[in-house]
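What you see is a predicted model; the values in this text were computed from it and never measured. In this chain, residues are counted from 1 in sequence order.
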Amino acid sequence: MSKYTLIKNAKLVNEGTMLAHDVLIKDQMIEKIGYDLSHDTATVIDAEGKFLLPGVIDDQVHFREPGLTHKAEIYTESRAAVAGGITSFMEMPNTVPNTLTQELLQDKYDIGAEKSLANYSFFMGASNDNLEEVLKTNRRDVCGIKVFMGSSTGNMLVDDEETLNDLFSRAEMLVAAHCEDEGTIRKNMEIYKERYGDDIPFTAHPLIRSEDACYISSSKAVALAKKNGTKFHVLHISTGKETELFDNSVPLKDKLVTSEACIHHMWFSDEDYVTKGGNIKWNPAVKTAYDRDMVFQAMLDDKIDVIATDHAPHTMEEKNNGYLNCPSGGPLVQHALPAMMEHYLNGKISIERIVEKMSHNPAILFEIEKRGYIREGYYADLVLVDTTDHWVVNKGNVLSKCGWSPFEGQKLRSKITHTFVSGHLAYQEGAFDESQLGKRLLFDRK
């Protein structure tokens, strides 16, 4: 017997419009969108005064499983994601072991099928010596290939020119890259070690992992992609200078080279290292207020196409180390959409644009089947947001396994009240229903 849910009186935000609409969900799918809908057997949710958005699709997370589950697990982090309005995620290959074979990739999909509350996909990882294995990746049911062109992941660094050329020329699916120049970072690190010894201040992080380190790598990668006609996506743009590499003259569906901005690079600046220290140590680094504002503007100008989190938890014990032993990364999935809603409430971006950058555009860019929009016949990945219920982030309400957030102490003026994942009400007013798990993302690639 089919299950029906009827969302009434919502301010539905979708495809550039905001309309007062009802939405009828049948099982996993959106059955009907319209005015004054009714259904005899439907469970009714009155969404008066709330925004109804398509679920956020986060194209870059690190959920740490397998191998690093003292920091995070697919279960715990997908749970935090759903509470933050993220209904689908794409997870990176720098787990332990690194996802460098088709068997190890399948192992992660098996974990996702058993544990993930959100819809999921996993990137295949590239190294200097696994090209043939990478090229076996199924473009229909895997989001993409991930290349680390920087030192962020140690032995996953791809720095062999021949390997990069072969990958870019032969890949038949999207290639995503972390771009930082290893040589530049090493030179800068030696300068700061000579100056400070082992007591390097966190304020040096954006000077060690500098604008030049980012631009040298990303410009080289973009040129390589253009030469080979590769569908190429540059992750976590952190500098104003890099935004010059990207084009806004054609629609996203026609772009070969695309880019992403992350929440932290549009929220924090280098001034925040004084109070936040290692809690805002990411790779690439949070840089100047000018860079933050330029990245935000490039996102508004469509030079940057999607907004993501780069959610990458570490334990508080690990984060409390000095600079040289403090790992880079932090948890963000629970607070990403509320953070963007702060920008909306401050008049910096429209809610329609938030939906475009966090839901529609990831679906277009990755060619995801039947997700990312509120459309009849699409999966009911839906989020209700209340902008009248203020709250403050603290350790007691952080859901990520690591138990902390860079947003601690921040007042947020919007709250996720309901999250539907493939038609299932997975989260409601602080409570989870884990009786149905997320689904594997599929990709409409010819």
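A cation-pi arrangement is not found for K227 relative to F168, the charged atom failing to lie both closer than 6.0 Å to the ring centre and inside a 45° cone about the ring normal. A cation-pi contact links K348 to F296, judged by a cut-off of 6.0 Å to the six-membered ring centre and 45° from its axis. Figure legend: K108 and F122 shown without cation-pi pairing, the cationic atom not lying both under 6.0 angstrom from the six-membered ring centre and within 45 degrees of its axis. Relative to the six-membered ring of F443, R139 misses at least one condition, a distance below 6.0 Å or an angle of at most 45° to the axis.
Counting heavy atoms from C-beta on, the side chains of T230 and L224 never come closer than 4.5 Å. Under the 4.5 Å side-chain criterion, counting only non-hydrogen atoms from C-beta, L52 is in contact with L382. Side-chain contact check for I208 versus I185: some heavy-atom pair is nearer than 4.5 Å. In this structure, the side chains of V234 and T258 stay at 4.5 Å or more apart for every pair of heavy atoms. Side-chain contact between K231 and M173 is absent, with no heavy atoms from C-beta onward closer than 4.5 Å. L324 is listed as a side-chain neighbour of K193, based on a closest heavy-atom distance under 4.5 Å. Annotation: side chain of E77 is not in contact with side chain of R64 (no heavy-atom distance under 4.5 Å). V61 is listed as a side-chain neighbour of T309, based on a closest heavy-atom distance under 4.5 Å.
A side-chain N or O of H233 and one of D59 form a donor-acceptor pair less than 3.5 Å apart. Of the N and O atoms on the side chains of S218 and E242, at least one donor lies less than 3.5 Å from an acceptor on the other residue. No side-chain donor-acceptor contact under 3.5 Å links T87 and Y379. If you check the side chains of D212 and S210, you find no donor sitting under 3.5 Å from an acceptor. A donor atom on one side chain and an acceptor atom on the other are found under 3.5 Å apart for Y75 and E434. For N119 and S422, the side-chain atoms include at least one donor-acceptor pair closer than 3.5 Å.
Within the structure, salt bridge (Lys or Arg N to Asp or Glu O under 4.0 Å) pairs that include any residue of residues 283-308 comprise K255-D305, D302-R353, D302-K357 (at least two apart or interchain). Among residue pairs with one or both ends in residues 360-370, those qualifying as side chain to side chain donor-acceptor pair (under 3.5 Å) are R140-E369; sequence neighbours excluded.
Atoms CG and OG, from L442 and S121 in turn, are 8.5 Å apart once rounded to the nearest 0.5 Å. Separating the CG atom in N321 from the OG1 atom in T315 is a distance of 8.0 Å, to the nearest 0.5 Å. In this structure, the separation between CD1 on I7 and CD1 on I30 is 8.0 Å, given to the nearest 0.5 Å. Atom-to-atom distance recorded for K276:NZ and K319:NZ is 12.0 Å, nearest 0.5 angstrom. The CG atom of D107 lies 9.5 Å from the OG1 atom of T95; values are rounded to the nearest 0.5 Å. Rounded to the nearest 0.5 angstrom, M90 CE and Q60 CD are separated by 11.0 Å.
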query = Please walk me through it: do S269 and T288 pass side chain to side chain contact (heavy atoms under 4.5 Å, CB included)?
reply = CA-CA 5 Å; S269 78; T288 68; over 6 Å; no

request  = Run the numbers on D386 and S414 for side chain to side chain donor-acceptor pair (under 3.5 Å), then give the verdict.
outcome  = CA-CA 5 Å; D386 185 353; S414 64; over 6 Å; no

message = Run the side chain to side chain contact (heavy atoms under 4.5 Å, CB included) test on V385 and L53 for me, step by step, so that the C-alpha distance in whole Å, both residues' side-chain angles and the decisive distance to 0.1 Å come before the verdict.
response = CA-CA 8 Å; V385 182; L53 317 180; 3.9 Å; yes

request  = Please lay out, stage by stage, how E318 and K71 fare under the test salt bridge (charged side-chain N to carboxylate O under 4.0 Å, His left out).
outcome  = CA-CA 9 Å; E318 291 167 330; K71 303 174 192 276; 2.9 Å; yes

ask   = H343 and W267: ring pair (Phe, Tyr, Trp, His ring centres under 6.0 Å), yes or no, with the steps?
value = CA-CA 9 Å; H343 290 311; W267 186 280; 5.3 Å; yes

key: Audit row: H205, Y323, side chain to side chain donor-acceptor pair (under 3.5 Å) steps and yes/no   = CA-CA 8 Å; H205 191 54; Y323 177 78; 2.7 Å; yes

Side chain to side chain contact (heavy atoms under 4.5 Å, CB included) assessment of M149 paired with L164 = CA-CA 9 Å; M149 298 174 71; L164 285 171; 4.0 Å; yes

ask   = Between T388 and K50, is a side chain to side chain contact (heavy atoms under 4.5 Å, CB included) present by the stated rule, with each step listed?
value = CA-CA 9 Å; T388 67; K50 294 176 183 172; over 6 Å; no

task = Given side chain to side chain donor-acceptor pair (under 3.5 Å), test N283 with H178 step by step and report yes or no.
result = CA-CA 9 Å; N283 299 340; H178 176 130; 5.9 Å; no

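Using a cut-off of 4.0 Å between Lys/Arg side-chain N and Asp/Glu carboxylate O, K220 and E161 are scored as salt-bridged. E65 and K115 are joined by a salt bridge, as a carboxylate oxygen and a charged side-chain nitrogen come within less than 4.0 angstrom of each other. For the pair R186 and E190, the salt-bridge criterion is not met [side-chain N within less than 4.0 Å of a carboxylate O].
Tested against Y373 for a side-chain contact (heavy atoms from CB on, under 4.5 Å), the candidates I364, I368, D381 yield a single pass: I364.
Applying the ring pair (Phe, Tyr, Trp, His ring centres under 6.0 Å) rule to W404 yields no partners; only residues at least two apart in sequence or on another chain are considered. Every residue was checked against the ring pair (Phe, Tyr, Trp, His ring centres under 6.0 Å) condition with F420, not counting sequence neighbours, and none meets it. Shown here are the salt bridge (Lys or Arg N to Asp or Glu O under 4.0 Å) partners of E73, two or more places apart in sequence or in another chain: K401. Evaluation of the salt bridge (Lys or Arg N to Asp or Glu O under 4.0 Å) rule for E271 yields no partner, not counting sequence neighbours.
Of the possible donor and acceptor atoms, one in the side chain of S359 sits under 3.5 Å from a partner among the backbone N and O of P54. A donor-acceptor pair under 3.5 Å is absent between the side-chain atoms of E408 and the main chain of V393, judged by distance alone.
For CG of D199, the number of neighbouring non-hydrogen atoms (other residues, nucleotides, ligands) closer than 6.0 Å is 12 at most. Other residues, nucleotides and ligands contribute only 12 or fewer heavy atoms inside 6.0 Å of the CG atom of D198.
Ring pair F89/F63 is tilted by interplanar angle, where 30° to 60° counts as tilted. Note on ring orientation: taking the six-membered ring where Trp is involved, the planes of H264 and W282 are parallel (angle under 30°, cut-offs 30° and 60°). Ring orientation note: the planes of H335 and F407 are tilted relative to one another, at an angle of 30° to 60°.
Contact detail for V295 and S238: the closest heavy-atom pair is CG2-C, 3.9 Å. Here the shortest heavy-atom pairing between T163 and N128 reads OG1-O, 3.2 Å.
Between H62 and H311, the ring centre distance reaches or exceeds 6.0 Å.
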